[in-house]
Structure formats: C-alpha cells, structure tokens
Amino acid sequence: MTEAIPPLRSIDPPPAPRSLHAVYVHAPFCARRCFYCDFAVTVARAPDAIAWADAIAHEWRSIHQEGRFVPGRPLRTLYIGGGTPSFLGPRGMSALAKALEGAALDNPEIEWTCEANPESLTLEVAHAWRSAGVNRISLGAQTWHPGALGWMGRTHGPDQVGTALRRAGRAGFSNFSVDLIFGLPERLGRSWREDLEKVLSLDVPHVSLYGLTVERGTPLGRAVANGEEHVASEDRYRDEYLYASERLTAEGYVHYEVSNFARPGYHSRHNAAYWTGEPYLGLGNSAHSFLPPLRRWNLREWEAYLNAVSRGLLPVKASEELSPDARRLERIWLGLRTAGGIRRSALPPRALNALDSWVLRGWAEESPERVRLTPPGWLILDRLAVDLDAACGA
C-alpha cells in the first residue's frame, strides 16, 4: 500500500536549515459559522476580496522588510484556506496573485490549492481561479445527508457537491480533494457508508476525512456540556474510520496520512511540507509560520489583524522556540502520522521494544528499515507518540 508514493521524511536527525517554499494564506470569511467550528472565521454578508488581498499585501511587504521568513523563489506550494476562500468571489485569487509580488506564482510546478464550498464555487469563480493560476481545489462536502448538513449549519445542499465539481472540470481543473466528516451523532440518521459510496462515484483523486471534535466555546461544545447533544460513541467513531480506510484503499486510494487518501500522484504536496518538518510561512489572521526551531502565529481576529497590517506592523501575536525535547516529540508525532513512518535506526533499543509491542497489538507494521502505524494505530496516534517519545528520552 505504501509503495505508491515516495516515503515521507520521518524522525531522522534534525534537518539542516532549509529554504522556505510553502505559503499558507488565510481567508477568514464565511456566510455562516458551522455548529462545530472553532476556526478563525468572520461571518460576512459580502466580503471585500480587494480589501482582503490588500491586507495580505501589507503583511507580505512587512515580512520582506523583517527578512526572517522570506520565501524563496519559486514557491513550491501555495494553499488558501479558511473560512471559505470561494466566498470571496471571482476577484479574490487574481487580487492575491498581485498582492504576493515577486512570489513567481507562474511557476509551472507550483501546487496552488484553494478551499471551496459547493454553493460558492460558481462557474465564474472556477474560471477566474484557473486564470489566476490555481490548479487544485479542496471542496468541503462533509456529507450528502440533508439533515446532517442542516444540523452542521452548512449552506449547501446534497446535489451541489457534484455540480461544483462539474463546474470546476469545465473550467479546466482536474486535481480535486473532497472533505468528509465522520463521527456525527447517531440520532441524525446519516449513513457513513452511503456518503463513502457517493464520494467514490465522483472518482475524485483525493479524499480527506475529519472526525467530529467537540471544542469548548462552540455551539456544539456548549450543547454537549449542557447535555443537549451527544456525539458518537468511541466504538462508532472507530468503526467509521476503519471502514473508510478499508473501503477507500480497496478502490485504489493510498492511505498516505492519518486523515488523507490519494490516487497515486495526487497526494497533497503542501500538507506534506507540514508533516515533514519543512519551513512554511503563514499569512492572514491566525496563520502560523515555522522556521525551525522558531514557530510564531498571527493575531486571531480579522479586525485586529487588519488594524496591525494597515499600520505597517507585523501582525504576530506570539512565538516560541522549540526546545530539543519538543522538537524530538514533534518529529516522532509527524513521522508516525504518515505512511512513511519512522526509521528503526533512529531509535534507541528501549524504543524498539515499544515498537515490537505495537506490532503484536496490530497498531503498527514494520520492515527491516522502518515502522509505520496501521489505521488502528492512527486512532491512538497522540498516545503512541507520547509513549515513544518517553522511551526515546528515558
């Protein structure tokens, strides 16, 4: 299963400083905040795409003046997330391309991804994105079940997912990812198996799965705390995840990361930069940047961010320098979350003993050189990473 893509870098010794070639840009605007959402989202009736791009341009210039997180040329990946980037309309990405002056976005090898919701990915938006240079779309479908869509606060209907993908195809796109969410409350009556068959019928080259999580401060978090809502049981959550892995891999998808499945050649290059410890720059409110060992993050609220950049200030809220111990734990966690796994030779004997017990329990698979988690192991990734780190640091 793992031979279909090249192995991802794992917990090899800390890499030498590398150039920064991956950029994330946050587009915070949404028509409505979803019931479970804890992202940095600004609800707006008609967001101003030009004002957003101008704000990003201000930060971009400040980044270059600072001189620390300046991306190299050409960029290898550019990812526009949110929020709902497609909600910015047809002018958003062309305005962004102008804002990122000198980024060489015409590089034919770049992977430029934009997130979209089905209802706002119009034919006009798709054509405008393609003209601007966008070549990959990540579509937030989540489910085809009408009741579950209404419960989540989504503003699209079941039929709009296929319609949006057809529009994008007409505009010249062939690289798509579709997001699905599992672990919804059983009372909604949503069929996870039917949703998987729906996405398979679309024959998209990439599928991302997200388990429903309860975050404090969200409407869902308050409803659960008050006993007004009950999320899926651990058994249901586990069964849905494992069934999805089995069903998608049976259809030729590679389960190359804990939440991601791809046809050969279609894995997310931008996300791989995160998982392999590459430096990256984040622009926009709440965006994170990483230049080992330094990580920093921007002001969360859009208005505070806008005020800072309009005054020529870097909108950084805080930063941290990772200690050697923290970097080791992060490298272990990142290595375990990918199909590339970790190198056995990078671990002390006491850690290898822990890996052997994982194999016996069905949590991992190993070869003479590497060990990787199985889907059951990925379900307890955080626990296993902490345990392995403890064995390495003992």
Side-chain angles (χ1 to χ4, degrees), residues 9 11-28 37-42 52-73 75-83 96 99-103 115 213 215-217 270-337 382 385-386 389 393:
R9 188 177 290 108
I11 62 160
D12 300 341
R18 297 183 295 274
S19 297
L20 192 162
H21 293 281
V23 173
Y24 170 87
V25 184
H26 191 64
C37 177
D38 190 40
F39 295 151
V41 164
T42 296
W52 168 73
D54 285 346
I56 299 299
H58 283 306
E59 185 182 4
W60 180 252
R61 288 191 289 270
S62 295
I63 289 288
H64 281 73
Q65 289 169 4
E66 180 201 28
R68 177 179 285 180
F69 281 83
V70 176
R73 294 186 60 182
L75 288 185
R76 298 192 187 108
T77 67
L78 175 62
Y79 193 105
I80 319 303
L96 179 66
L100 300 183
E101 181 181 2
E115 294 181 349
T213 56
E215 303 289 349
R216 290 197 311 172
H270 182 83
N271 287 340
Y274 300 147
W275 304 327
T276 56
E278 294 286 338
Y280 54 85
L281 170 66
L283 300 170
N285 61 299
S286 81
H288 286 57
S289 301
F290 183 51
L291 192 63
L294 181 66
R295 178 177 286 115
R296 72 185 189 189
W297 51 97
N298 284 349
L299 296 164
R300 178 178 172 87
E301 301 304 323
W302 165 247
E303 291 298 334
Y305 168 86
L306 183 61
N307 179 59
V309 297
S310 64
R311 294 162 53 204
L313 303 175
L314 278 172
V316 176
K317 179 179 180 180
S319 64
E320 62 178 353
E321 184 167 322
L322 300 183
S323 68
D325 285 349
R327 294 189 70 188
R328 183 189 64 226
L329 174 59
E330 185 165 280
R331 290 196 305 274
I332 288 173
W333 184 75
L334 291 172
L336 288 177
R337 72 178 295 128
D382 291 349
V386 170
D389 178 65

With side-chain contact (heavy atoms from CB on, under 4.5 Å) as the criterion, how do Trp60 and Leu96 come out once you've worked through the C-alpha distance, each side chain's angles and the decisive distance to 0.1 Å?
CA-CA 11 Å; Trp60 180 252; Leu96 179 66; over 6 Å; no
Residue pair Pro71 / Leu75: nearest heavy atoms and the distance that separates them:
CB-CD2, 3.7 Å
Ala55 versus Tyr305, closest heavy-atom pair with distance:
O-OH, 3.6 Å
Would Ser62 and Val309 count as a side-chain contact (heavy atoms from CB on, under 4.5 Å) if you check the C-alpha gap in whole Å, the side-chain angles of each, and the deciding distance to 0.1 Å?
CA-CA 8 Å; Ser62 295; Val309 297; over 6 Å; no
Within 6.0 Å of CZ in Phe39, more than 12 heavy atoms from elsewhere
no
In terms of ring plane angle, is the pair Trp297 and His288 parallel, tilted or perpendicular, where the classes change at 30° and 60°?
parallel
If you look only at pairs with a residue in residues 289-303, which of them pass as a salt bridge (Lys or Arg N to Asp or Glu O under 4.0 Å), with sequence neighbours excluded?
Glu66-Arg296, Arg295-Glu320, Arg295-Glu330
In Å, rounded to the nearest 0.5 Å, how long is the span from CG of Leu291 to CZ of Phe69?
5.0 Å
Taking all atoms of both residues into account, what is the closest heavy-atom pair of Val25 and Leu78, and its distance?
CG2-CD1, 3.9 Å
Please step through side-chain contact (heavy atoms from CB on, under 4.5 Å) for the pair Phe290 and Tyr274, ending with a clear verdict.
CA-CA 9 Å; Phe290 183 51; Tyr274 300 147; over 6 Å; no
Under a 3.5 Å distance rule, please check whether Glu115 uses its side chain to pair with a backbone N or O of Gly82 as donor and acceptor.
yes
Residue set satisfying salt bridge (Lys or Arg N to Asp or Glu O under 4.0 Å) with Asp325, at least two apart, ordered chain then number -> Arg328
Provide the closest heavy-atom pair for Ala22 versus Ala273 in the form atom of the first, atom of the second, distance.
CB-CB, 4.1 Å
If you measure from CG on Asn285 to CD on Glu59, what distance do you get to the nearest 0.5 Å?
9.5 Å
Could you state the interatomic distance from CD1 (Ile63) to CG (Leu281), rounded to the nearest 0.5 Å?
5.0 Å
Do Ser19 and Pro279 make a side-chain contact, defined as non-hydrogen atoms from C-beta onward lying under 4.5 Å apart?
no
Of all heavy-atom pairs between Ala99 and Ala53, which one has the smallest distance, and what is that distance?
CB-O, 3.4 Å
Please verify the inter-ring angle class for Tyr24 with Tyr79; under 30° counts as parallel, over 60° as perpendicular, anything in between as tilted.
parallel
Nearest 0.5 angstrom please: Leu299 CG to Asn307 CG, how far?
9.0 Å
For the NE2 atom of His58 and the CZ atom of Arg311, what is their distance to the nearest 0.5 Å?
13.0 Å
Euclidean distance, Lys317 NZ relative to Asn298 CG, rounded to 0.5 Å
11.0 Å
What heavy-atom pair brings Trp333 and Asp382 nearest, and what distance separates the two atoms?
NE1-OD1, 2.8 Å
